[in-house]
2 protein chains.
Amino acid sequence: MKITIRSVAEEAGVSIGTVSKVINDSGKISEKTRKKVFQAMQKLNYKPDAAAASLRGKRTKLIGLLVPDISNPFYAGIARSIEDRSHEVGLNVMLCSTDNNTEKEKNYLALLTSQRVDGLVVASAFRSTVLLQETIEQGIPSVLIASEIPQLSINTVTVDDYKGGYLATSHLLDLGHKDIAIIYENVRSNEPRLAAYRDSLREAGIDVNPEYIMKTEATILKGYECAKKLLLLEEKPTAIFACNDLLAAGVIQAAKELELDLPRELSVVGFDNTVLSTTTAPMLTTVSQPIKQMGAKVVNLLLQEMEESKGYKERLLMAPELIVRQSTASV
Amino acid sequence: MKITIRSVAEEAGVSIGTVSKVINDSGKISEKTRKKVFQAMQKLNYKPDAAAASLRGKRTKLIGLLVPDISNPFYAGIARSIEDRSHEVGLNVMLCSTDNNTEKEKNYLALLTSQRVDGLVVASAFRSTVLLQETIEQGIPSVLIASEIPQLSINTVTVDDYKGGYLATSHLLDLGHKDIAIIYENVRSNEPRLAAYRDSLREAGIDVNPEYIMKTEATILKGYECAKKLLLLEEKPTAIFACNDLLAAGVIQAAKELELDLPRELSVVGFDNTVLSTTTAPMLTTVSQPIKQMGAKVVNLLLQEMEESKGYKERLLMAPELIVRQSTASV
DNA sequence: CTGAAAGCGCTAACAG
DNA sequence: CTGTTAGCGCTTTCAG
């Protein structure tokens, strides 16, 4: 037998309305009946049906999390921090790995809409902006994390990517490097990093060599392949700025295979400060994002948006930090 | 205005019953009305309310995934494979990181129960077995992955941990090592690994040195700390079997700090074959689990259980594989 | 303070 | 083939 609010009401000898009130702590209930009801719930091991409640207009307490790939350590970290904060405030996270694939993004959005999620936090790229725009227009509170979509008016939490790119590049410059290459991913967050790379070089009076700029996907293998090409160039770079740690790990693999002495013959800096950055040898100099805070912030923002949509949107730029380890040295 | 099944019915000029039938592809509907209804749904951008449907006895299409920590690369991989298979069959995953903490496990279980999830896949330890037992008794189909609870009659998918431990230890033995230490985690899956370690040594006529057996938690730092102790022993081991890659990464760090030449002066083997195993230097020899298949299997098992509970339970032991890289060498 | 009753959006008989 | 209707478990007025 299923046990419902009715079973509890019978057990406690009150009406279902009363039970509902004690569950939701609404209305006025005498201490005595409250106790009776609690006992009945306890005894029957009653768990309110969230679906039924949401049908009557209550929140579902569900939020959707769209990331490119949960098995990417950076997004796993993001997911963890979002999950922690969410559960603190009684929200449940539905996980979706999209591979930044428009088709998957679309499917997940449909699924999440059907589940009537209370909100969305998206780290997925949404190259097809309209998709996201539509769901936002349907009134689903949404927040972006670690990605930006300038065309959309939406709350956003990112690290200051330009600053991060600047930190990385100028660290290399300070070390005396002039031949600095960059490997970046085709996602929006990497654009400011690239721009900062360009600006820093220019500032230092160095012409940027187009051969030193490579665009690819965020995997170790791709990082390896790009680095191979770079290091086989006539005039090979003395430093590589990899726009995430996965890429950087690949760069290190390639350098080792070519028997370069790191960091003496090649400096490498990464981005994200994931677990990987302490396991590589040499350990990776990288730009860290305050993942913990970003996750908490993004959930708070979502909560705010769920309560009452303020007229304006916020765009939070968290401060990145350069973590100097052993993969960088002066030329 | 909210758009419901009623709006669609009006738009299409049919009854809500008819609309329901075309949505669920049940009953007999003429091609013509089906088309009309589809058009109406399209036009209004209608998404059925999953909560309402579940209230009427349909599945919620929600499953809960309980892992110790999603930011641990091994569990992130597991999560990804489960997620992929789930979405293939129209299931949505609710993510919960428990830290193997009984209190959190309890909260999540309550949350998931309230959401009326169709099933549970658990990789979390559940040191307090009753907790899980209760929810299973409430009839929620559940499956275990990468963990076991012998007291519970429950479908289980794990790698053959004993075999894995055997593979790792005998590889070391074959290389001529006699002083082999082990660092393991206090979770059930590690017990067979430890047992295999013991048995293999005994088989080889080697007394197991109790000082060489260390129990700890699965983090790089703990691996580092244990290895430090091991390597500072009077008679230090020439090889260490770390029961997961995180631990192994820590061991490598410690060895480097002590300026040991790897693998000449110390062989290390890990377990799980996560991303970490290719980023360490030397690259890690490790035991791989077929994560992709395990995730798919576990979802299939859950599906089966959801359809109709067969009287018996399955316990799948997948074959582990030793991946020899550069962290092991003969003494 | 407590109970009765209406109805959320949908599915599943059952009638026609 | 299609429409009508009775709830699913819960929240929320509104009376008492």
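Residue numbers begin at 1 in each chain, while the letters A, B, ... track the order of the sequences.
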Provide, to the nearest angstrom, the distance between the [atom1] atom belonging to [X] and the [atom2] atom belonging to [N].
X	N	atom1	atom2	result
K36(A)	dC1(C)	NZ	P	14 Å
R59(A)	dT11(D)	CZ	P	15 Å
E10(A)	dC10(D)	CD	P	13 Å
K28(A)	dG3(C)	NZ	P	17 Å

### Query
More 5' along DNA chain D: T18(A) or I29(B), using each one's nearest nucleotide?
I29(B)
### Message
Using a strict threshold of under 4.0 Å (side-chain N to carboxylate O), is an ion pair present between K292(A) and D84(A)?
### Response
yes
### Query
Got a salt bridge between D118(B) and K58(B), using NZ or NE/NH1/NH2 to carboxylate O under 4.0 Å?
no
[atom1] of [X]: more than 12 outside heavy atoms within 6.0 angstrom?
X	atom1	result
K36(A)	NZ	yes
K47(A)	NZ	yes
Q42(A)	CD	no

### Distance-only side-chain donor-acceptor flag, E217(A) / N186(A), under 3.5 Å
no
### Query
Want to know the stems of DNA chain D: at least 3 consecutive Watson-Crick or G-U pairs with distances under 3.5 Å, which are they?
C:1-16 with D:1-16
### Task
From the options N100(B), L66(B), L144(B), select the one residue that forms a side-chain contact (heavy atoms from CB on, under 4.5 Å) with F126(B).
L66(B)
### Test salt bridge (Lys or Arg N to Asp or Glu O under 4.0 Å) applied to E148(B) and R188(B), R315(B), K313(B), the passing residue
R315(B)
### Task
Indicate, with a heavy-atom threshold strictly under 4.0 Å, whether S54(A) touches base, sugar-phosphate, or nothing.
nothing
### Task
Report, as a single string ordered 5' to 3', how protein heavy atoms within less than 4.0 Å touch nucleotides 6-16 of chain C: B base, S sugar-phosphate only, - not at all.
BBBBBBBB---
